[in-house]
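Below you'll find the structure, written out as structure tokens, and then a few comments.
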Amino acid sequence: MENVMFTVRMMAAMMKISIEELADKCEIERAHLKQVSAGNVKMTAYDLRQLSKITGIPADNIAID
């Protein structure tokens with residue numbers, strides 16, 4: 001993947017699941033991931049690592065802000 005950046009919402013849509021379901025799969029609190037998706041809080045290193053592991057999207061291609 002080149003310079004394509006993926007948001008939390010995009011990753012959930014690609015997997016055909018809700019943000020809440022993505023949070024569950026990634027072992028991230030649902031409310032926290034929804035706040036990250038809304039841009040209200042920053043993504044943690046743990047969030048980034050888990051999202052990359054579960055979605056298969058390289059961490060460099062995940063939008064962190």
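All values below come from the heavy atoms of this structure, side chains included, with hydrogens, waters and symmetry mates left out.
The shortest heavy-atom contact between I19 and V8 is CG2-CG1, 4.1 Å.
Listed by chain and residue number, nothing satisfies the side chain to side chain donor-acceptor pair (under 3.5 Å) test with R9 (two or more places apart in sequence, or in another chain). Residues passing the side-chain contact (heavy atoms from CB on, under 4.5 Å) test with M15 are I17, L22, K25, I54, T55, sequence neighbours excluded. With sequence neighbours left out, the side-chain contact (heavy atoms from CB on, under 4.5 Å) criterion links I64 to M43, L48. Residues satisfying the salt bridge (Lys or Arg N to Asp or Glu O under 4.0 Å) criterion with R49, sequence neighbours excluded, are absent altogether. In this structure S18 satisfies the side chain to side chain donor-acceptor pair (under 3.5 Å) test together with E20, E21, sequence neighbours excluded.
Between F6 and L51 the shortest side-chain heavy-atom distance does not fall below 4.5 Å.
Side-chain atoms of N61 never come within 3.5 Å of backbone atoms of M5 as a donor-acceptor pair (strictly under, hydrogens ignored).
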For residues 35-42, run the donor-acceptor check on the side chains, cut-off 3.5 Å, and write out each pair with its distance to 0.1 Å, sequence neighbours left out.
from: Q35; atom 1: OE1; to: N40; atom 2: ND2; distance (Å): 2.9

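By the criterion of side-chain heavy atoms lying less than 4.5 angstrom apart, applied directly or through intervening Ile, Leu, Val, Met, Phe, Trp or Tyr residues, M14 is grouped together with I62 in one hydrophobic cluster.
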